[in-house]
Amino acid sequence: MATVGKVITCKAAVAWEPGKPLCIEEVEVAPPKAHEVRIKVVATGVCHTDWEYLFETGKGMKFRPFPLVLGHEAAGIVESTGPEVTRFSPGDKVIPLFLPYCGECERCLSPKTNHCKKNWTNMQAGVLADGTSRISCKGQQVYQFLGVSSFSQYTVVPDTSVAKIRSDAPLDKVCLLGCGVSTGYGAAINAGKVEKDSSCAVFGLGAVGLAAVMGCKVAMARRIIGVDINPNKFEKARQFGATDCINPRDYSKPIQEVVVEKTGGGVDYGLECVGSPAIMNAAFESTRDAWGTCVIAGWTETEVMSISVEKLLMGRTLKGTYFGGWKSVKDVPKLVDDYMNRKLKLDEFITEKLPLVQINKAFGLLKSGKSIRTVISLQDS
Ligand code: NAD
Ligand code: ZN
Ligand code: ZN
């Protein structure tokens, strides 16, 4: 290909500073270095975490360096590979991942966790293995969000943070497996280990929460209670398998008391998909004593939650999940298969498709609760 080994000039949405809308800019994307892959990004979802890093950095999120290219829920095609890359070739369809899987470390070899730490510190700091980013704009280094940066027509990621997927997968759908859907689905299946005939309550019915509802349904839970302050989410939640939907604003007492009453003692599984300590506590207190499990999927990096020790002592389990417990590189291709085999829904999460130039509109739709997932087409703009 004509671009191999050369800098590619393309369009990206750059976050110049926190709290300000993204700017569509021409950026330069350098060729991949050793163990790196340059990807032509075809489609990306817009996740709540992107919004939080832009508008909550230094508040609910730790401080991140700017300028930054956000985006971490994407699918694309390998344009070129750097030296020592053996598993990828130009033309391969791929999903870049914010969670690595090196396949060799103690964590990758353990069935107990998906928390591989390959390049971790650098990726959290917005750079790749050599301490620099491959994206620049107006002569300035632009940081890469969690090592991904999919709000750019091209990006470069470590080869331990890319899943190769089947060639017939529609990229504008399977991009959602790069974050939100995998996270919520795995929160139910892997972290919660939801059982047949159990009762569940899912707090927050955005993409992560709806995917958790889908996971509870696949696990054949008997009762799935959806909880959201936005009743417009209820119809979709029912389509995904929620048996009841409740709005905390319709009750004068705390929502956990409502759930406990409705279920005669609490649910077997409470899944938090909002990212607020108060709701995490409500999800925990909604679970029944003796064996209730609460899984936290919602994100905050700076806040703390307090829980009743007595409620924990009575036999409840509290756990968190990162990327739904999936071992990223290894498991995402299997989730793509599940979608292709109609075991897992993706199309139903997509409420809007927009070109890159309308990325700020996608943030607006997410924050106003009007969208579940907007998919941005990178190559149409
Ligand atoms: P979203 O904004 O689409 O959905 C959040 C939902 O929560 C909305 O429907 C909103 O109405 C609802 N909500 C807000 N306040 C509420 C309240 N008090 N009670 C009940 N519902 C309430 O967000 P999303 O993209 O689905 O992400 C959800 C959370 O998951 C975010 O915190 C995100 O950062 C986090 N996340 C975590 C991981 C992980 O690896 N653990 C991965 C992706 C996203
Ligand atoms: Zn995300
Ligand atoms: Zn590893």
Side-chain angles (χ1 to χ4, degrees), residues 44-53 56 60-61 70-74 97-110 113-120 145-146 148 150 158 160-161 175-187 191 201-213 226-234 236-237 245-249 254-256 271-283 295-301 303 319-330 349 351 362-363 365-374:
T44 181
V46 177
C47 173
H48 193 108
T49 314
D50 295 308
W51 182 91
E52 276 174 78
Y53 276 80
E56 295 275 300
M61 295 290 133
L70 290 161
H72 63 284
E73 189 177 83
L97 298 155
F98 61 89
L99 174 68
Y101 172 83
C102 74
E104 292 169 353
C105 71
E106 186 187 25
R107 289 155 181 243
C108 284
L109 295 174
S110 166
T113 182
N114 62 341
H115 285 239
C116 174
K117 286 287 173 81
K118 183 84 179 177
N119 297 319
W120 184 259
F145 183 48
L146 304 177
V148 179
S150 57
T160 41
S161 297
C175 59
L176 299 190
L177 292 170
C179 182
V181 174
S182 301
T183 297
Y185 186 60
V202 177
F203 293 76
L205 299 170
V208 176
L210 290 175
V213 169
V227 183
D228 204 297
I229 51 171
N230 180 353
N232 295 333
K233 306 279 173 125
F234 293 167
K236 201 136 228 177
C245 288
I246 53 175
N247 182 349
R249 292 185 175 158
I255 195 66
Q256 53 268 48
L271 301 141
E272 201 274 359
C273 304
V274 180
S276 147
I279 302 161
M280 293 171 188
N281 194 49
V295 178
I296 311 282
W299 202 258
T300 172
E301 293 176 347
E303 293 170 284
K319 45 169 50 176
T321 183
Y322 193 66
F323 195 53
W326 303 107
K327 286 188 183 278
S328 61
V329 172
K330 197 167 97 164
F349 289 91
T351 43
F363 272 147
L365 290 168
L366 183 71
K367 268 329 274 179
S368 62
K370 291 197 180 112
S371 67
I372 300 297
R373 274 299 190 259
T374 299

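Residue numbers start at 1 and run along the sequence shown. Indexing begins at 1, ligand by ligand and atom by atom, following the structure's order.
- With hydrogens left out, the protein atom closest to atom 25 (O) of ligand 1 is Arg373 NH1, 3.0 Å, a heavy atom.
- Heavy-atom proximity to atom 15 (N) of ligand 1, evaluated over Asn230, Thr321, Ile229, is greatest for Ile229.
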Q) Do Arg373 and Glu73 pass the salt bridge (Lys or Arg N to Asp or Glu O under 4.0 Å) test, and can you show the C-alpha distance, the side-chain angles, and the key distance before you say yes or no? A) CA-CA 11 Å; Arg373 274 299 190 259; Glu73 189 177 83; 2.8 Å; yes
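- The protein non-hydrogen atom at the shortest distance from atom 28 (C) of ligand 1 is Cys273 O, 3.2 Å.
- Among the atoms of Cys179, an N, O or S atom falls under 2.8 Å from the Zn ion (ligand 2).
- Within the 4.5 Å cutoff, no side-chain heavy atoms of Thr374 are placed close to those of Phe363.
- When ring centroids are compared, Tyr322 and Trp120 come within the 6.0 Å threshold.
- Ligand 1 has Cys179 within reach: a non-hydrogen atom of the residue lies less than 4.0 Å from it.
- Looking only at protein heavy atoms, the nearest one to atom 38 (C) of ligand 1 is Thr183 CG2, 3.5 Å.
- Given atom 33 (C) of ligand 1, the protein heavy atom at minimum distance is Thr49 OG1, 3.5 Å.
- Around the Zn ion (ligand 2), the two atoms SG of Cys47 and NE2 of His72 are separated by an angle of 120°, to 10 degrees.
- Ser276 places none of its side-chain heavy atoms less than 4.5 Å from the side chain of Thr300.
- Among all protein heavy atoms, the one lying closest to atom 37 (C) of ligand 1 is Ala297 O, 2.9 Å.
- Around NZ of Lys370, the count of heavy atoms belonging to other residues, nucleotides or ligands within 6.0 Å does not exceed 12.
- Nearest protein heavy-atom neighbour of atom 7 (O) of ligand 1: Gly204 CA, 3.5 Å.
- The closest approach between Phe203 and ligand 1 stays at or above 4.0 Å for every heavy atom of the residue.
- Under a cut-off of 6.0 angstrom, the local environment of NZ in Lys233 is crowded, with over 12 non-hydrogen atoms contributed by other residues, nucleotides or ligands.
- The protein heavy-atom contact nearest to atom 17 (C) of ligand 1 is Ile279 CD1, 3.2 Å.
- Minimum heavy-atom separation, Phe203 to Val274: O-CG2, 3.5 Å.
- Counting only heavy atoms of the protein, atom 9 (O) of ligand 1 lies nearest to Asp228 OD2, 2.7 Å.
- Vertex the Zn ion (ligand 3); arms to Cys105 atom SG and Cys102 atom SG; angle 110° (nearest 10°).
- Ligand 1 has no N or O atom lying under 3.5 Å from any N or O atom of Cys47, backbone or side chain.
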